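Down below is the structure, laid out as structure tokens.
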Amino acid sequence: MSAAHEKESALTIPDGARTGGDGPAAAATGAGTSPAAAQVTSSELLSVVASRELAGRRTVFAGIGLPTLATELARLTVAPRAEVVYESGVCGAHPSHLPETIADAVLITGAEAVLSMPALFGCVLQGGHIDVGFLGAAQIDRFGNLNTSVIGDWERPEVRLPGSGGGVEVMANSREVFVVMRRHDPRSFVRTLDFCTTPGPDRALAEGIRPLGAGVTRVVTELGVLAREGVGDELRLVAVHPGVTAEQVRVATGWDLKVAATVATVAPPTPAELRLLREDVDPGRVYLR
Amino acid sequence: MSAAHEKESALTIPDGARTGGDGPAAAATGAGTSPAAAQVTSSELLSVVASRELAGRRTVFAGIGLPTLATELARLTVAPRAEVVYESGVCGAHPSHLPETIADAVLITGAEAVLSMPALFGCVLQGGHIDVGFLGAAQIDRFGNLNTSVIGDWERPEVRLPGSGGGVEVMANSREVFVVMRRHDPRSFVRTLDFCTTPGPDRALAEGIRPLGAGVTRVVTELGVLAREGVGDELRLVAVHPGVTAEQVRVATGWDLKVAATVATVAPPTPAELRLLREDVDPGRVYLR
Amino acid sequence: MERTTDRSDGPDKVMSMKAAVAAFVQDGATVCLEGFTHLVPTAAGHEIIRQGRRDLTVVRMTADIVVDQMIAAGCVAKLVSSFVGNSSAGSLGELRRRLERAVPEPLEFEEYSHYGMVCRYLAGSQRLPFYPLRSYGGSDLPSVNSALRKVTSPYPGADGEPEQIYVVPPVNPDVTIIHAQRADRRGNTQMWGLTGVQAEAVYAARKAVVVVEEIVADEVVRSDPNRTLVPAHAVDAVVVCPRGAHPSFAQGYYDRDNAFYRAWSHISKDPVRLRDWLAEWVYGTADHAGYVDKLGEAFWEGLAVGEALSEPVNYGRRL
Amino acid sequence: MERTTDRSDGPDKVMSMKAAVAAFVQDGATVCLEGFTHLVPTAAGHEIIRQGRRDLTVVRMTADIVVDQMIAAGCVAKLVSSFVGNSSAGSLGELRRRLERAVPEPLEFEEYSHYGMVCRYLAGSQRLPFYPLRSYGGSDLPSVNSALRKVTSPYPGADGEPEQIYVVPPVNPDVTIIHAQRADRRGNTQMWGLTGVQAEAVYAARKAVVVVEEIVADEVVRSDPNRTLVPAHAVDAVVVCPRGAHPSFAQGYYDRDNAFYRAWSHISKDPVRLRDWLAEWVYGTADHAGYVDKLGEAFWEGLAVGEALSEPVNYGRRL
């Protein structure tokens, strides 16, 4: 099974921890994390970095896993009023247990509202009520266009992936989109997508369709953070994790990656962030393993 | 106030009884009803005749008043499985009291389903689930096109009527439409509508729009019954009440009314029909006065 | 592992009717008031009258008593509607004078059918450029309403030929005001009985005000999330206003005042009587609580309803 | 005056799963199975397998385990879907073999996004020639799915220029099968928790089968008419099949069998193991009651849920 195929959906970040092989050791020895981060798992690192990007955001369309962890952490830190809207139609969930899927029964019991699919996709998402949508992908290109359909040719693919789910709609209708990619390598960060399932606004505009949002504005990876302002803009490296160089990121990227004039170093997760994440958000370490 | 304006809606038959002046005496002395019908009010007569036309029909889209009485009576006689769907969204009502409006609280309590407007108009009506829609109108023409908007010019009308309500949709989407017109006179049965609010299928087709149903197939009046098969067909007189002549009906009609080769005489309401209507359907005589 | 913390935060949006109308209804605005016979936001309309708003475009499927009152009070420059009548009880006197004789001044009127209005809300709520519907073919309505247009389907019709269909444009009111049975303080709104097109009208609007019979504890709302037809993220203000739908009704709270519907046909027929009515019942009351008091408890007892409780359903709890 | 008679008639539509599938699912038919993770009509899919249906076009937003099983059993010629994966648990082995290597034979696949599928149901349920949505601009999906087309809006866009938008065609399945918590004998169907697109999928279909956890008395349904998402007039058959959504869940009745979701990725990866599974659990059981018994009560206790009752609401009674 290819790495790409491990995703559960376009809305769920592939979580290596859940299929084994990505514990603290992997993070510590992987991409050259600093000593300070050595006790931090890859899941924790990505969750913390993504949470910081949610400052000031209100409505987040997210799948289970890292996006939910990031949003829950953000609610405790930089975005106290952030609300997760789930693709299943749940708004204002107050789960008694950490949910295992976006449709987990514990998300429904005690929720503030459960919407039908037409209301969720039509009124909430297409209606423009989502500030940030989280997406994952098998492949991403320099403009943040995404492939979640196939590796290889669509008609006879090498790997058949799950497809769009609501990914096309999240991209077209959220004000901005965050992508979390655990693996940062040239197989995933590609010059040309095998298939564009989920187009960003540049591709839409080229076809004469006016999108609502900016498309992908943040890509958080094991190596750093790529950013993009909106229409016409390319992803560029704006931050690296401690110990990672810009050149390492460029080599791991399948196109000629632009690098910001000043590349920041991502501040390692603070003790406070880690404590909240570990003790409050996911005390059972369902996703933080 | 013009007679035309007394309608509560396109879905409600004007009920003279409710504004006074149409008791048994009026019916008896009005249009030359037979001695046998002398004890029968106009409301009762129209309800009974309309109920018979519902034989075999299942779903009836109806307003309060005569259409409801007719459908309730039909459920007890010729159409035991007939169900009224109300414009307010109520399906399978089991009211504790006779409802005074299509939105009466007693229609909701104990109902089988209450639908939103998008579901009612989109799925039930436009979706093609209605066998018979009942409509009223200020004016009707020979093809069953209806005016419920204005008497006179739309921009500065002599009388402003309530307008379509859901009448346009009932006509466009019901398999057939029954019209009950208490008053049969040239002011209501007109050669040319002042304004066509609610077009039958002929007018729709002339514009290249393909309607679902047959349009108006029955018009029940104080004088008799007009019928029409569907697209391309004109209303023609098929039955008269006892004591009424075809010529009387033609004189009361604003166009050169076609008359069927054989004009039947409407069988007067039977004692059984009257008993059901009076004792079971409307024991409080809310609409039967 | 059971989680021990819960974060029911988010802003409290409760404000007075006076403050909500002052904040969200500006002169010249497009104001949608929805509620199909049931849960008509009458009290909000009265507060708009009290605050003397002008040049409003009012969007409402069934333009009924509250619209006639707002027109008479001089608040309304334009009406967008699919039924302009006093329900089953007769006429709207002021509206007819305006449309038939431009007395005391003209009223702009945009006429639809019910589903045309529903589709405008659907398009507005879904941010669509248009919404198709199988109405209007052969009608004279498109001749007096240029918003009713046609598109050709890119798929062949049932007969293999190209197919045309009418469409309506979205409506995106500056503010939508609805009345509901209950909400929590952050605006999660629950309604039952006839629910009409209120959820879509809220989502179509730039701002939304929900007027409720009562604010309930978060736990009440959260015991039945499927009953929440309007989630908090779509709501800007929650106004507590018991009996605010009178003379219409609130299922399970009070019944319809049919006598007043019948009376309105007479009151509104006479411009002087209509203005006297407004002076006494709207301008003469400080707010809806004053209107309710003025009607008196004996009156409200006449509209009281008994109990018919829904059977609870089980949402389940992880063991 | 209070009325003393009531007429709760209409046809009883209760039938066995065997009879319902025999009557409503024909070889070559377009069969919609809906339920978004929640209330997946698994038992119906298994009965379709037992009866050996062939050449079906299956329409389902989230093609998951039951679809993989139906494909493996040779029932499916074509799949119309917007997500082909084993939920959060991995892969659908049979589906991947078909699409990646045409092993043991090809499978026709029509790919959409979720909202594209929703809009196909909306168009189908509303008898529209198409439904517009703000998706697909710039996507490669239209290059592999010619059903995705564009129309030009007859209204100018926000910038005053003409505006194009993608549309999808209606889907009108020969039969839609859904699973729900409860219905009355005539088909008034009540669901809570995630309700997805089931109501629209039913209205879009020529025939509709509702599978329920339980049949309840008319009075239970009628105590809460707003909970009825599918009225009787849209339903052709009611099948009582407790635990018929396993391995998915029924809110308030039993929880999701997450272990089986995870197991399916392994089972389906091996064609022999997959066929053994079908032999044992589908062909080897006479009906869903047999499947339920075979799993055993201890198993079901593991999926049991506790009580979290909705607060009743008052519908009111005229005094």
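Every value quoted in this text rests on a predicted model; they were computed, and no experiment measured them. The sequence lines fix the lettering, A, B, ..., with proteins before strands; numbering per chain opens at 1.
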- Task: To the nearest 0.5 Å, tell me how far B:T109 OG1 sits from D:R317 CZ.
- Result: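 These two atoms lie 9.5 Å from each other.
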For the student: nearest non-hydrogen atoms of D:Y315 and B:I108, plus distance =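 Heavy-atom minimum between the residues: CD2-CG2, 3.8 Å.
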TODO: Tell me, for D:S223 versus chain B, whether the close heavy atoms (under 4.5 Å) come from the side chain, the backbone, both or neither.
DONE: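 When you check distances to chain B, no heavy atom of D:S223 falls under 4.5 Å.
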Report the residues that fulfil salt bridge (charged side-chain N to carboxylate O under 4.0 Å, His left out) with B:R52, sequence neighbours left out, ordered by chain and then residue number.
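Expected list: B:E273.
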Is any side-chain heavy atom of [Y] closer than 4.5 Å to one of [X]?
X: B:R81; Y: D:P11; result: yes
X: D:D218; Y: B:H94; result: no
X: D:P231; Y: B:E112; result: no

Would you give me the side-chain donor-acceptor pairs under 3.5 Å for residues 122-137 of chain B, sequence neighbours excluded?
from: B:Q126; atom 1: OE1; to: C:R134; atom 2: N; distance (Å): 2.9
from: B:Q126; atom 1: NE2; to: D:Q126; atom 2: O; distance (Å): 2.7
from: B:D131; atom 1: OD1; to: B:R175; atom 2: NH1; distance (Å): 3.0
from: B:D131; atom 1: OD2; to: B:R58; atom 2: N; distance (Å): 2.9
from: B:D131; atom 1: OD2; to: B:T59; atom 2: N; distance (Å): 3.2

query: Would B:D104 and D:R318 satisfy side chain to side chain contact (heavy atoms under 4.5 Å, CB included), going step by step from the backbone distance to the final call?
result: CA-CA 10 Å; B:D104 196 313; D:R318 185 152 294 162; 2.7 Å; yes
Could you please spell out the steps behind the side chain to side chain contact (heavy atoms under 4.5 Å, CB included) verdict for D:H233 and B:C91?
CA-CA 9 Å; D:H233 65 237; B:C91 302; 3.7 Å; yes
